[in-house]
Amino acid sequence: MLTDMSLPWWAWAAMGAGLIVFAVMIGMTIKRNRGMHRSLFASPYTLWMIIFTVVPVILISYYAFTDANGNFTLDNFKNFWDSHYEANKVIKAEAERLGVDYSQYITRGTVNVDTLVYSLWMAFQCTIICLVMGYPAALFMADRKMKLGSTLVVLFIIPMWMNFLLRTVAWMTLLEDSGLINQVLELLGLGKIQLMYTSNTVLLGMVYNFLPFMVFPIYTVLNKMDYRLSEAAADLGCNSFQTLYKVTMPLSIPGVVSGITMVFMPSVTTFFIPRVLGGGYTMMFGDLIESKFLTEGNWNAGSALSLLMMLLILVSLSILRKADPNGEGGGLA
Amino acid sequence: MNMKRILLLLLALAMALTMTACQSGEATEGSKPAERVVNVFNWEDYIDPAVIALFEEETGIKVNYMCFTTVEDMIVQVEANPGAFDVCFPSDYIIERMINKGMLAEINFDNVPYSDQILDFLLYPDYDPQNKYSIPYMWGTVGILYNTTMIDLDPDNTSWAILWDPRYQNSIFMMDSIRDSMGVTLKYLGFSANSTEIPELFAARDMLIRQKKLGVVKAYQVDETKDKMVAGEAAMAVMWSGDAMYAIDLNEDLSYFVPMEGSNVWCDSAVIPITAKNKENAEIFINFLCRPDIAAMNWNYIWYSTPNKGAIELIEDPDGDYAYDYTGNRTLSPTPDIMAKCEFFRDIPEDYLSVYEALWMDLKNTK
C-alpha cells in the first residue's frame with residue numbers, strides 16, 4: 001500500500017505559484033516604499049516558511065482528504081474513528097462472496113482514539129512532573145544569593161548539546177536487565193528488577209528529555225523579575241513563604257505557561273521514546289503516525305492523523321494563550 | 001537597479017526553481033557512452049566489496065553500486081527512475097509484486113550459465129512460478145533464537161507453542177513486523193503464512209493478544225533484538241536466520257531452530273528491471289555472482305544461507321579456504337523435513353493487507 005511519491009502536476013504548479021506570489025509581494029513592498037524597507041530583511045525567513053511550513057501543510061491536507069488514487073474522500077477520518085473501517089469493507093465483501101456470516105468479525109477498532117487519549121494522559125503526567133520538579137529548580141537557579149545557580153544552568157544545558165535520540169538510547173544501557181543499575185543491585189545482593197519496557201520507563205524518558213524546556217522559560221522570567229519586589233514584600237511583613245506565594249509565583253505565570261506549552265506539545269507528539277524504552281508495548285500518537293507512513297505506506301491515513309494532531313495542538317495553544325495574554329513568557333502560547 | 005528588473009529577476013528565479021524541482025525525479029546519466037557500466041541496486045552492506053573490485057578487474061565493466069534499506073523504498077526508486085538500475089535484489093513477495101506490475105525483464109539464461117548452480121528447491125518458486133525473472137542470491141528462514149543457558153529444549157522437536165508458554169514470563173522478543181509475527185502465528189495454528197481467510201486471521205490475532213496478556217513478551221522490536229540477545233537480555237526471540245548467525249557468532253550460548261510446524265522461508269534474488277539500459281552487463285554481473293567461488297566469498301561476508309551448490313562444496317572442502325561444516329549448521333541449512341513445511345511469503349493483495357494491518361493495530365492497542 002505504497003503511495004507514489006511523485007506529486008501531481010498541480011502541486012508543483014501550486015509551489016511555483018507560491019514562489020511567484022512571494023516575488024510579487026517583495027516587488028510590491030519595494031514599490032510602496034520607493035526602495036528598500038526593513039520588512040525586506042524578513043524575506044529569507046518568509047521564503048523558508050513558505051517552502052517548509054506552508055507548502056507541507058497544504059500537501060498534508062491534500063493527502064488527508066484524498067485516497068490512494070487522488071480522489072476526494074473522508075475515509076481517512078472515518079479510519080481515525082474506526083481503525084477497522086477499511087478492513088470491515090473487505091470482510092463484508094468476502095462474506096458476500098462466500099455466502100457466509102462474518103458479522104462476528106465486524107467490529108470497531110479503537111486504536112487511534114485510544115492512542116490519542118493515552119498520549120494526552122502521558123503528556124499530562126509528564127507536564128505535571130516537569131512542573132513539580134522544574135519550578136523549584138528554576139527558583140534555585142534564579143536566586144541571586146545562591147552561587148551555585150549559574151553552575152546549575154550550565155549543567156542543565158550541557159546534556160542538550162547531545163542529540164535526544166542518543167541520550168534516550170543511553171538510558172537503555174542503564175535500565176536494561178544487564179544494565180548498570182541492575183548490575184549494581186546484583187552486587188548489593190538485591191536481585192534484578194524489571195526497569196525497561198513499562199509505561200513508567202517511557203514517562204521517565206519523556207521527563208528527562210523535556211525537563212529543560214520547563215526549567216528555562218521559568219528561569220528566564222524569574223531572572224528578569226525585579227528582586228526589589230520581594231524585598232518590599234519582606235519589608236511589609238511577608239515571611240519568605242508568603243513572598244513566594246503572593247509575589248514570585250504570580251509574576252512567574254508567563255514562564256510557567258511557556259514551560260507547559262513547550263513540554264506538553266512535544267510530549268503529545270513523542271515518538272521513538274516509547275519504542276526504545278517501552279519496547280513497542282504501547283504506542284503513542286507519534287508512533288502511530290510514523291507507522292502509517294513508514295510501515296503501512298499509507299500516506300493518506302497518516303496525513304489525516306497528522307492533521308488532527310495539528311488541530312489538537314492549535315486548540316490547546318489557544319487555551320493556554322488565555323493564561324498569558326501579553327506573551328510575557330516568550331509568547332510561545 | 002530599477003524595480004521592474006528586480007521583479008523580473010525574481011520571477012525568473014522562481015520559475016527556474018520549479019523547473020529544476022520538476023526534473024529532479026529523472027535519472028542523471030553521468031557516464032561516458034563508451035564506458036561499459038552496470039548499475040546495481042542492493043541492500044545496505046549486502047555484498048563483499050572485494051567481489052565488486054574483482055568483477056571490474058575481470059570484465060572491465062564499471063559497477064555503479066547503490067544501496068537501499070527497505071524493499072518498499074527500492075520499488076519506489078525503481079519506478080521513479082527508469083533506466084537508473086540494471087540489477088536489483090528484492091525479496092520474494094516483492095518480486096511477485098514487481099512481476100505483476102510488469103516491472104521486470106525476463107532474464108536471458110543463456111547469458112547466465114552459472115545459474116545451474118542454484119539449489120533445486122529455490123527453482124520455480126511460488127513468487128516466480130515460471131522461473132523467468134529472478135535468480136536467488138541469499139536465502140534464510142524465520143525461527144527462534146534462544147539462549148541455551150536459560151532454556152532447555154530439543155531443537156528438532158519443538159513447537160511454536162513455546163512462545164505461548166506461561167513459564168517464560170517476560171522473556172520473549174517478538175518481531176515488530178506485521179507479516180512476520182502474523183506469519184509465525186498462522187503457521188503455529190496450522191494455517192498458511194499467506195492466509196487471506198478472515199477467520200484464520202482473527203484466530204491469529206487472538207493468539208497474539210493472548211500472548212501479550214500472558215506476560216511472556218518482553219518487547220516488540222526488530223533491529224535492536226539481535227544485540228540484546230547477544231547481551232543476554234531475553235531467553236527467546238523470533239528472528240531471521242541471518243541475524244541469528246550474527247548473534248550466535250558473538251555469543252556461543254545462543255542457538256537457533258525452526259519450529260516443527262514450519263515457518264517462512266525468504267529469498268533475496270537478483271532481478272533486472274524492464275527499464276534497464278545495460279541488460280547484457282546485468283546478466284554478466286548476475287552470472288558472476290552465481291560463480292561458486294564468488295558466491296562463497298559473499299557467503300563468507302554476509303553469513304546468510306547461499307543458494308549455490310558449488311559454493312557449498314567449496315565451503316565444506318576441508319582443504320579449501322573455509323573448511324566449514326555448512327550442512328551440519330542447522331541455522332544455515334535446516335533439514336529437508338523442515339524445509340518442506342516452510343513457505344515463501346506471497347504478495348498479499350492490498351485490501352487483505354488492510355485487514356492484516358487493522359488486526360495488528362488491535363494487538364498494539366492491547367494493554
Side-chain angles (χ1 to χ4, degrees), chain A residues 1-2 4-6 9 12-13 15-16 18-20 22-24 26-27 30-31 34 68 83-91 93-95 100 102 104-105 107 109-112 114-115 118 172 176-178 194 196-197 199 275-276 278-283 287-288 291 294-298, chain B residues 3-4 6-15 17-19 21-22 25 70 72-73 75-77 79-80 170 173-174 176-178 196-199 201-202 212 217-222 224 228 231-234 349-367:
Chain A
M1 207 192 265
L2 212 106
D4 194 350
M5 271 200 273
S6 58
W9 63 270
W12 291 112
M15 280 185 229
L19 287 172
I20 291 167
F22 173 68
V24 169
I26 290 185
I30 294 172
K31 192 173 185 188
R34 301 175 206 291
S83 64
H84 275 233
Y85 181 73
E86 290 294 328
N88 284 342
K89 281 198 238 170
V90 179
I91 296 169
E94 181 85 353
V100 287
Y102 275 167
Q104 78 211 74
Y105 299 121
T107 48
T110 55
V111 63
N112 298 319
D114 289 354
T115 308
Y118 177 72
M172 205 163 71
E176 275 175 344
D177 283 4
S178 52
Q194 162 92 16
M196 283 287 282
Y197 312 129
S199 55
R275 196 169 65 207
V276 172
Y281 240 94
T282 47
M283 267 191 312
D287 297 292
L288 197 63
S291 77
L294 297 183
T295 317
E296 297 180 17
N298 190 346
Chain B
M3 242 269 315
K4 230 178 207 169
I6 297 179
L7 248 179
L8 270 173
L9 256 174
L10 281 167
L11 262 171
L13 185 77
M15 281 169 85
L17 267 173
T18 39
M19 288 310 210
C22 290
T70 67
E72 280 77 16
D73 181 39
I75 278 210
V76 171
Q77 293 286 336
E79 279 185 323
N170 234 326
F173 284 134
M174 285 297 285
D176 194 2
S177 154
I178 304 177
T196 51
E197 299 293 325
I198 304 298
L201 297 180
F202 273 78
K212 192 172 184 180
V217 179
K218 191 166 186 129
Y220 297 87
Q221 53 194 9
V222 181
E224 301 91 338
K228 296 211 168 171
E233 279 288 308
E350 269 184 31
D351 40 355
Y352 288 100
L353 215 49
S354 72
V355 179
Y356 269 79
E357 279 153 5
L359 296 179
W360 181 251
M361 282 297 154
D362 290 345
L363 169 70
K364 285 280 171 161
N365 200 27
T366 306
K367 293 280 168 351

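Chain identifiers are assigned alphabetically (A, B, ...) following the order of the sequence lines, protein sequences preceding nucleic acid strands; residue numbering begins at 1 within each chain.
Proximity to chain A is absent for every atom of B:Tyr356, based on heavy atoms less than 4.5 angstrom apart. For B:Lys367, the part lying near chain A is the side chain, with the backbone staying farther off; criterion is any non-hydrogen pair under 4.5 Å. If you measure heavy-atom distances from B:Lys228 to chain A, the contacts under 4.5 Å come from the side chain alone. With a threshold of 4.5 angstrom between heavy atoms, B:Ser177 does not approach chain A through any atom at all. In this structure, chain B has a heavy atom under 4.5 Å from the side chain of A:Tyr102, while its backbone stays farther away. When heavy atoms are compared at a cutoff of 4.5 Å, A:Tyr85 does not approach chain B at all. Looking at A:Thr110, both its backbone and its side chain come within 4.5 Å of chain B, counting heavy atoms on both sides.
Taking chain A as the reference chain and counting heavy-atom pairs below 4.5 Å, the highest number among B:Glu224, B:Glu233, B:Lys212 is found for B:Glu233. Contact count against chain B (heavy-atom pairs under 4.5 Å) is highest for A:Val111 among A:Asn112, A:Val111, A:Leu288. Of the listed residues (A:Arg275, A:Gln194, A:Glu86), the greatest number of heavy-atom pairs within a distance under 4.5 Å of chain B belongs to A:Gln194.
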**Asked** Stepwise, does the side-chain contact (heavy atoms from CB on, under 4.5 Å) test hold for B:Glu357 with A:Ser291?
**Response** CA-CA 10 Å; B:Glu357 279 153 5; A:Ser291 77; over 6 Å; no
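By the 4.0 Å N-to-carboxylate-O rule, A:Asp177 lies close enough to B:Lys218 to be salt-bridged with it.
Checking side-chain atoms of A:Asn88 against main-chain N and O of A:Thr107 turns up a donor-acceptor pair under 3.5 Å.
Interatomic distance, B:Leu201 CG to A:Glu94 CD, rounded to the nearest 0.5 Å: 9.5 Å. Once rounded to the nearest 0.5 Å, the distance linking NZ of A:Lys89 with NE2 of A:His84 reads 14.5 Å.
Under the rule for a ring pair (Phe, Tyr, Trp, His ring centres under 6.0 Å), the partners of B:Phe202 that lie at least two apart in sequence or sit in another chain are A:Tyr105.
Between B:Trp360 and B:Asp176, the closest side-chain pair of non-hydrogen atoms falls below 4.5 Å.
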